[in-house]
Protein chains: 2
Amino acid sequence: MPYDPSAFPPFAVTVDLVVLTVRRHALCALAVRRGEPPFQGRWALPGGFVRADEDLTQAAARELAEETGLCAHDPAAPAQDNGAHLEQLATYGDPERDPRMRVVSVAHLALAPDLPAPRAGGDASNARWAPVEELLQQGGYGRDGEPVAPLAFDHARILADGVERARSKIEYSSLATAFCPPEFTVGELRRVYEAVWGVALDPRNFHRKVTGTPGFLVPTGGTTTRQGGRPAQLFRAGGATLLNPPMLRPEV
Amino acid sequence: MPYDPSAFPPFAVTVDLVVLTVRRHALCALAVRRGEPPFQGRWALPGGFVRADEDLTQAAARELAEETGLCAHDPAAPAQDNGAHLEQLATYGDPERDPRMRVVSVAHLALAPDLPAPRAGGDASNARWAPVEELLQQGGYGRDGEPVAPLAFDHARILADGVERARSKIEYSSLATAFCPPEFTVGELRRVYEAVWGVALDPRNFHRKVTGTPGFLVPTGGTTTRQGGRPAQLFRAGGATLLNPPMLRPEV
DNA sequence: AGTGTTTATCGTCAGGAAGACGACTATGAT
DNA sequence: ATCATAGTCGTCTTCCTGACGATAAACACT
């Protein structure tokens with residue numbers, strides 16, 4: 001069968017972003033308010049069309065920079081100045097997922113340290129960090145008693161998948177350090193695990209585990225008291241990306 | 001900004017399949033010979049265009065049925081007659097990956113028990129099961145001394161990603177049973193792990209591990225001697241999909 | 001029938017990792 | 001000075017794993 005351009009239907013391809021961070025002991029995701037139909041006024045995940053000459057990862061990194069100012073951190077490159085971790089999550093292509101047309105969305109997962117207020121095209125009121133539980137509870141009421149509208153499109157499903165990916169991946173990788181500033185303490189890293197998993201971990205066992213895994217953490221020599229209490233050693237993320245044996249998520 | 005159909009570039013969307021099975025103690029993948037340019041005559045992964053009214057998973061299941069006759073096994077449904085495990089793998093959208101046009105391919109991973117010879121549109125010579133090492137070695141020589149051409153497009157990368165997914169996922173899930181017939185012995189399951197990981201496992205420790213994990217295997221009461229030696233108990237896959245603690249892949 | 005081979009299955013033992021938790025240390029706040 | 005807060009080092013018990021001996025039940029020979 002020869003090549004026939006009419007043999008396949010055209011699709012629009014977008015990237016959507018699940019951008020996660022830890023703020024005030026809670027796992028939060030970036031949400032933007034939709035300014036146009038469909039779902040006008042509702043919260044949604046940031047995203048946009050993939051351009052004609054752009055790779056999927058490039059498109060995701062571009063959208064991430066537009067929405068947050070974050071520089072995507074290539075997992076291969078060692079530098080991690082202001083870079084966020086970025087990886088592909090999954091692709092969503094239900095024919096009915098966008099009422100306007102056939103859209104296939106390649107969702108990406110980005111993890112970032114706690115940041116100043118988000119910006120969405122310069123308009124702060126149209127972007128916010130919200131706890132993932134708040135974004136995921138469908139038709140409930142938020143902390144302020146206001147009714148919560150579910151996320152636009154299938155974005156609740158995408159967000160849930162991204163959260164689950166993050167929760168499981170910090171078990172066996174050093175991904176949790178992506179939520180931390182370049183230098184951090186063992187306690188700060190533990191609070192990341194506690195926020196992402198929503199559990200309390202024993203500080204002593206956690207300390208033994210992370211400091212006893214070769215290549216996971218490298219001490220910088222400095223100390224800090226920014227958490228109060230006794231000064232804590234500062235560490236950087238070591239070269240080890242895989243955590244073996246894994247950190248076990250406590251049973252419920 | 002109002003909706004403007006000209007604001008986004010059109011893409012072709014395809015599904016590609018990494019279909020894995022275990023044959024003669026080796027992890028094998030399904031490859032089809034391309035009958036048209038580009039890469040005419042080269043081996044490639046099976047796949048095809050997503051239709052206008054089709055979900056991505058539906059498209060992958062349809063392609064799988066066309067190429068192998070396998071019925072995709074929905075992970076939610078309990079029945080697993082002739083069903084193969086099917087899950088989304090990753091999406092590949094480099095602008096240069098297809099010289100004809102901009103194609104975004106949503107790769108899927110399928111796992112199946114050992115099957116009779118494959119069929120590709122009824123033409124057996126254009127489809128085969130090949131050991132993954134043979135398909136992945138670029139520019140080397142196959143077992144028969146013939147030079148081996150690398151897979152078409154970026155399919156070597158996709159295959160490598162699918163193999164890595166399968167290798168890591170059988171560690172912490174019951175996915176390895178997807179390579180087995182509905183009833184199987186502990187030894188047959190162990191040979192699956194050995195083929196997928198390319199290692200030898202201790203039969204006694206393996207037996208203790210899989211029979212000691214609640215819900216992983218349920219005995220059917222029957223026995224078989226199809227492997228020779230002492231009769232072995234037959235099992236079916238239990239309801240447990242997660243293996244905790246995981247089966248540890250031996251270090252190299 | 002006996003012997004060897006193959007595979008399955010049960011047991012034992014030592015080493016290591018993890019959960020529970022006690023004890024001590026070094027800061028800032030009152 | 002005292003307390004609250006966090007960090008860090010140990011101890012103990014329990015569980016899991018890897019290494020490996022031993023037995024059981026089939027088949028293929030002679």
Side-chain angles (χ1 to χ4, degrees), chain A residues 24-25 170-172 180-181 183-195 197 199-236 240 242-252, chain B residues 24-25 170-172 180 183-195 197 199-235 240 242-252:
Chain A
R24 282 181 268 118
H25 286 215
I170 64 173
E171 281 190 83
Y172 57 89
C180 294
E183 297 199 351
F184 53 89
T185 70
V186 173
E188 289 166 345
L189 184 63
R190 175 172 49 82
R191 278 179 281 274
V192 165
Y193 276 90
E194 292 179 333
W197 285 344
V199 298
L201 299 175
D202 185 287
R204 297 155 292 191
N205 293 336
F206 183 88
H207 189 277
R208 178 182 59 192
K209 174 72 177 173
V210 295
T211 57
T213 302
F216 187 32
L217 298 181
V218 289
T220 66
T223 61
T224 183
T225 65
R226 63 183 169 222
Q227 298 293 335
R230 171 177 164 178
Q233 266 189 284
L234 283 170
F235 294 88
R236 281 182 295 105
L242 248 44
L243 198 49
N244 201 331
M247 174 103 51
L248 297 177
R249 181 167 12 170
E251 336 266 313
V252 178
Chain B
R24 281 179 270 116
H25 285 218
I170 64 173
E171 279 190 84
Y172 58 89
C180 295
E183 296 200 353
F184 54 89
T185 69
V186 173
E188 290 166 344
L189 184 62
R190 174 170 49 82
R191 278 179 279 275
V192 165
Y193 276 91
E194 291 179 334
W197 285 344
V199 299
L201 299 176
D202 185 290
R204 297 156 292 190
N205 293 337
F206 184 87
H207 189 278
R208 179 183 57 190
K209 173 74 176 170
V210 297
T211 58
T213 301
F216 187 34
L217 298 181
V218 288
T220 67
T223 61
T224 184
T225 64
R226 62 182 170 224
Q227 298 292 335
R230 171 177 165 180
Q233 266 189 283
L234 283 170
F235 294 88
L242 247 45
L243 199 49
N244 200 332
M247 175 106 48
L248 297 177
R249 182 167 11 171
E251 335 267 312
V252 181

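Just so we're clear, the structure is a prediction, and the values are computed from it rather than from any experiment. Lettering follows sequence order; numbering is per chain, from 1.
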For [N], take OP1 and OP2 only and decide whether either is under 4.0 Å from a side-chain N or O of [X].
X: A:R208; N: D:dG7; value: no
X: A:H207; N: D:dG7; value: no
X: A:R230; N: D:dA4; value: no

First and last nucleotide of DNA chain C, 5' to 3', lying under 4.0 Å from heavy atoms of chain B:
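It runs C:dT6 to C:dT12.
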Measuring from atom [atom1] of [X] to atom [atom2] of [Y], what distance do you get when rounded to the nearest 0.5 angstrom?
X: B:L248; Y: B:L201; atom1: CG; atom2: CG; value: 11.0 Å
X: B:T185; Y: B:L217; atom1: OG1; atom2: CG; value: 10.0 Å
X: A:D202; Y: A:R208; atom1: CG; atom2: CZ; value: 8.5 Å
X: A:T220; Y: A:F184; atom1: OG1; atom2: CZ; value: 9.5 Å

Does the side chain of A:R191 come within less than 4.5 Å of A:H25's, by heavy atoms?
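In short, these two side chains touch, coming nearer than 4.5 Å.
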Any heavy-atom pair between the side chains of B:E188 and B:F235 that's under 4.5 Å?
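Not touching, per the 4.5 Å side-chain cut-off.
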Can you tell me how far [atom2] of [N] sits from [atom1] of [X], to the nearest Å?
X: A:L189; N: D:dT8; atom1: CG; atom2: P; result: 12 Å
X: A:Q227; N: D:dT8; atom1: CD; atom2: P; result: 12 Å
X: A:K209; N: D:dC9; atom1: NZ; atom2: P; result: 17 Å
X: B:M247; N: D:dC16; atom1: CE; atom2: C1'; result: 13 Å
X: A:D202; N: D:dT11; atom1: CG; atom2: P; result: 17 Å
X: B:E171; N: D:dT17; atom1: CD; atom2: C1'; result: 14 Å
X: B:F206; N: D:dA19; atom1: CZ; atom2: P; result: 16 Å
X: B:R249; N: D:dG18; atom1: CZ; atom2: C1'; result: 18 Å

Along DNA chain C (nearest heavy atom to each residue), the more 5'-positioned of B:G187 and A:R204
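So the residue in question is B:G187.
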Taking all non-hydrogen atoms of both residues into account, name the closest pair between B:P214 and B:A240 and its distance.
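In terms of heavy atoms, the two residues are closest at O-CB, 4.1 Å.
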Does B:G229 or B:P246 map to a spot on DNA chain D nearer the 5' end, using the closest nucleotide for each?
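Upstream on the strand: B:P246.
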On DNA chain D, check which nucleotide each of B:N205 and A:N205 is closest to and give me the residue with the more 5' one.
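Looking at the nearest nucleotide for each, A:N205 comes out on the 5' side.
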Counting any heavy atom closer than 4.0 Å, what does B:R226 reach on the DNA or RNA strands: base, sugar-phosphate only, or nothing?
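Nothing: the residue B:R226, judged by heavy atoms under 4.0 Å, touches no strand.
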